[in-house]
Engineer: 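Structure below; questions to follow.
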Amino acid sequence: MSVLDVSIPKFDGPDLLNAEVVLNRSELFRAECKRLISESESACIRMQDGDSKRLDQRVRDIQFLKKEVELKLEELIPEIDALEALQSRVVKALAMNQDAMKVTLLCLDARRKRAPSDRVHDAVDAELLKECSMFQEVTGLLQIVLEQIAEQIRLNRSAKFYLEQDLKEKFQAQNIDNSCALMTMQTIPNMQLSKKNITMLSSATVSPKQWENISDLNIARAEQQKNNSLSLRALVESLLAQSADDMQKQFRSTNEALQLNIQLLKAAKTQLEDKLPKVICEISNIQRIREDLQAAVAESEQFLSLAQARLLLRKERPGKEQCLDAPQVQLLAEVEQLNLHITKLREELAQSEEEQRALVRCQLELQENIDIKTNSLYIDEVVCMQLREPIVICHI
């Protein structure tokens, strides 16, 4: 028998069939595992690519909003600086206004020290009172404006704080997302996240719409405060200019009234001073006239005594010789006329005394009025004008 003719025995029992099934199943399992490994690898690569793209997009979104926040912050910071500068100007304007009002009150107080005859409510007093009232109104307005500016600065700083806080958080988020986008299998940080931590991270996030609304709200708040600040600055600038113009106009009106009153006082004082020497001269003239009248009275009395003595002596003539002759008639007429002259002279002498007393009173009144005008002139020209001279009302 040859080798080819030898028959191979067949085993058709259950062990062979079972091995075949196990072998096929193992092959199928291996194929399924390879497919699962391939799918998992593809899914991981796909998900990693998707993560990278979404992280890049997220970074771009953050950069966009961060740029918007930065631009709004750049607009708001100069506005805060401008308001603070304006606040300083208003403080200076308030101090200038208060200094000017003090001078006005000092002028009113100084003018109350005039003599009663000159202490009248004249044009200068009227202008000073108007000036004082205007300064008080402007002071009240500036104080209100200062409060409004301080409040607006506070609101601006609050809006700036939220922008800066938002910017800081976005900067941190951008750095974190950039790090996540650049992270690879070789650069995974050594940190373990439990299921609990992952659940907390998922529940602590806000929606993209809420995230965007936070920045939009901060930007809108800053824009609103910036617009409010611009409106307030425009209003304050207008108020400062208008109040400065009004105060300058009133200050000029008061100065003009003072200058006019000074001219009137000088003119009145000059008239009084011109009249005083004439009155003094006239007093001397009256005094000389009185002396002449007194001498005339004395002389007339001597002539009267002579005539009366002649008449008395002629009464001693013998009875038949006592006739009303021409000398007797002449002597009687002379006595009568001398009495009339003496009476007239004495009347004029008495009148001269009255005139002299009137002139002396006039002299005293003139001197008193000159002193009054001198005092009033000193108050207006020296005290008030020197007090007002350093005051400069200008646009601040």
Side-chain angles (χ1 to χ4, degrees), residues 87-150 236 238-276 361-396:
Q87 185 182 41
S88 177
R89 289 171 55 200
V90 173
V91 169
K92 290 180 181 178
L94 183 60
M96 179 188 70
N97 185 72
Q98 289 175 339
D99 290 341
M101 186 167 66
K102 288 178 183 176
V103 168
T104 303
L105 293 173
L106 286 173
C107 289
L108 284 168
D109 185 62
R111 298 192 94 241
R112 293 189 187 99
K113 297 176 182 177
R114 293 174 297 167
S117 60
D118 267 15
R119 201 183 304 149
V120 294
H121 185 67
D122 54 7
V124 178
D125 275 347
E127 293 296 336
L128 283 171
L129 289 172
K130 285 170 61 178
E131 189 174 272
C132 185
S133 176
M134 177 175 291
F135 287 154
Q136 288 174 343
E137 291 177 4
V138 172
T139 297
L141 284 175
L142 291 179
Q143 287 173 343
I144 293 173
V145 164
L146 272 180
E147 293 174 0
Q148 292 176 341
I149 291 175
V236 174
S238 174
L239 176 63
L240 285 175
Q242 186 62 47
S243 61
D245 289 339
D246 292 343
M247 288 190 295
Q248 284 176 348
K249 183 179 178 181
Q250 181 57 48
F251 203 76
R252 284 195 300 269
S253 297
T254 305
N255 284 345
E256 289 171 0
L258 269 170
Q259 292 289 355
L260 179 60
N261 195 59
I262 288 169
Q263 292 176 5
L264 293 175
L265 285 171
K266 285 182 176 179
K269 181 171 175 285
T270 300
Q271 290 179 351
L272 293 171
E273 289 173 341
D274 290 343
K275 189 68 66 177
L276 182 60
R361 285 196 301 270
C362 182
Q363 177 190 3
L364 294 175
E365 290 174 359
L366 285 173
Q367 289 174 339
E368 182 181 2
N369 286 330
I370 289 171
D371 292 339
I372 289 171
K373 298 302 179 188
T374 301
N375 180 61
S376 298
L377 190 60
Y378 174 79
I379 290 172
D380 284 353
E381 186 175 28
V382 178
V383 177
C384 292
M385 292 305 294
Q386 287 186 359
L387 281 172
R388 297 173 67 82
E389 186 177 357
I391 298 300
V392 177
I393 298 175
C394 59
H395 295 273
I396 296 178

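Note that the structure is predicted; figures quoted are calculated from it, not measured.
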Engineer: So which pairs with a foot in residues 238-247 pass side-chain hydrogen bond (donor to acceptor under 3.5 Å, both in side chains), sequence neighbours left out?
Structural biologist: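 As it turns out, the side-chain hydrogen bond (donor to acceptor under 3.5 Å, both in side chains) pairs with a partner in residues 238-247, which skip direct neighbours, are Q242-D246, D245-H395.
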
Engineer: Which pairs count as side-chain hydrogen bond (donor to acceptor under 3.5 Å, both in side chains) when at least one residue sits in residues 133-148, sequence neighbours excluded?
Structural biologist: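 Listed once each, the pairs are N97-T139.
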
Engineer: So I262 and M385, do their side chains get closer than 4.5 Å, heavy atoms only?
Structural biologist: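 Touching, per the 4.5 Å side-chain cut-off.
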
Engineer: Can you see whether N255 engages R388 through a side-chain donor-acceptor pair at a distance of less than 3.5 angstrom?
Structural biologist: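 Yes, side-chain donor-acceptor contact under 3.5 Å.
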
Engineer: Using a 3.5 Å distance criterion without hydrogens, assess whether the side chain of N369 forms a donor-acceptor pair with backbone atoms of E365.
Structural biologist: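 The answer is yes, because a donor-acceptor pair under 3.5 Å joins these two groups.
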
Engineer: Could you tell me if the side chain of L364 sits less than 4.5 Å from the side chain of E368, heavy atoms only?
Structural biologist: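 No, side chains not in contact.
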
Engineer: How long is the span from the NZ atom in K275 to the SG atom in C362, to the nearest 0.5 Å?
Structural biologist: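 So the NZ of K275 and the SG of C362 are separated by 8.5 Å.
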
Engineer: Under 4.5 Å between any side-chain heavy atoms of R119 and P116, yes or no?
Structural biologist: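 Side chain of R119 against side chain of P116, heavy atoms only: contact under 4.5 Å found.
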
Engineer: Do L142 and L240 come close enough that some side-chain heavy atom pair is under 4.5 Å?
Structural biologist: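 Heavy-atom side-chain distance check passes, below 4.5 Å.
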
Engineer: Ignoring hydrogens, what is the shortest heavy-atom contact between A268 and K373? Give both atom names and the distance.
Structural biologist: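 Looks like CB-CE, 4.3 Å.
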
Engineer: Run the salt bridge (charged side-chain N to carboxylate O under 4.0 Å, His left out) test on E256 and R252 for me, step by step, so that the C-alpha distance in whole Å, both residues' side-chain angles and the decisive distance to 0.1 Å come before the verdict.
Structural biologist: CA-CA 6 Å; E256 289 171 0; R252 284 195 300 269; 5.5 Å; no

Engineer: I need the D380 CG to L264 CG distance, nearest 0.5 Å.
Structural biologist: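 The distance works out to 10.5 Å.
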
Engineer: How would you list, by chain and number, every residue that makes a side-chain hydrogen bond (donor to acceptor under 3.5 Å, both in side chains) with K266, sequence neighbours excluded?
Structural biologist: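 Applying side-chain hydrogen bond (donor to acceptor under 3.5 Å, both in side chains) to K266 gives E381.
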
Engineer: Which value, rounded to the nearest 0.5 Å, describes the distance between Q271 atom CD and I370 atom CD1?
Structural biologist: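 It comes to 11.0 Å.
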
Engineer: Is there side-chain contact between N261 and R111, with heavy atoms separated by less than 4.5 Å?
Structural biologist: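 A side-chain contact under 4.5 Å exists here.
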
Engineer: Could you tell me which non-hydrogen atom of L105 sits nearest to which non-hydrogen atom of C132, and how far apart they are?
Structural biologist: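 Shortest heavy-atom contact: CD2-SG, 3.6 Å.
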
Engineer: Do L265 and D118 come close enough that some side-chain heavy atom pair is under 4.5 Å?
Structural biologist: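 They are in contact (side-chain heavy atoms under 4.5 Å apart), so the answer is yes.
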
Engineer: If you round to the nearest 0.5 Å, how far is CE of M101 from CE of M247?
Structural biologist: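 Here the interatomic distance stands at 11.0 Å.
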
Engineer: So which heavy atom on A244 is nearest to which on C394, and how close?
Structural biologist: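 Smallest heavy-atom distance, with atoms named: CB-O, 4.0 Å.
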
Engineer: Between E127 and S253, does any side-chain donor sit less than 3.5 Å from a side-chain acceptor?
Structural biologist: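 Result is no, nothing qualifies.
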
Engineer: Can you tell me how far CD1 of I372 sits from OG of S117, rounded to the nearest 0.5 angstrom?
Structural biologist: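 S117 OG to I372 CD1: 3.5 Å, rounded to 0.5 Å.
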
Engineer: Quick check on side chain to side chain donor-acceptor pair (under 3.5 Å): which of K249, E131, Q259 does T254 satisfy it with?
Structural biologist: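 The side chain to side chain donor-acceptor pair (under 3.5 Å) with T254 is passed solely by E131 among K249, E131, Q259.
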
Engineer: Does any part of the side chain of V392, heavy atoms only, come nearer than 4.5 Å to the side chain of F251, both counted from C-beta?
Structural biologist: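 The answer is no; the side chains never approach within 4.5 Å.
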
Engineer: How long is the span from the CG atom in L128 to the NE2 atom in H121, to the nearest 0.5 Å?
Structural biologist: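 Going from the CG atom of L128 to the NE2 atom of H121 covers 10.0 Å.
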
Engineer: With a 4.5 Å cut-off on side-chain heavy atoms, are D371 and N375 touching?
Structural biologist: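 Heavy-atom side-chain distance check fails, nothing below 4.5 Å.
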
Engineer: Search all heavy atoms of V103 against all heavy atoms of L387 and return the closest pair with its distance.
Structural biologist: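 Here V103 and L387 meet closest at CG1-O, 3.7 Å.
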
Engineer: State whether R114 and D122 are salt-bridged, where the test is any N-O pair (Lys NZ or Arg NE/NH1/NH2 against Asp/Glu carboxylate O) under 4.0 Å.
Structural biologist: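 Here R114 pairs with D122 in a salt bridge, since their nearest N and O are under 4.0 Å apart.
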
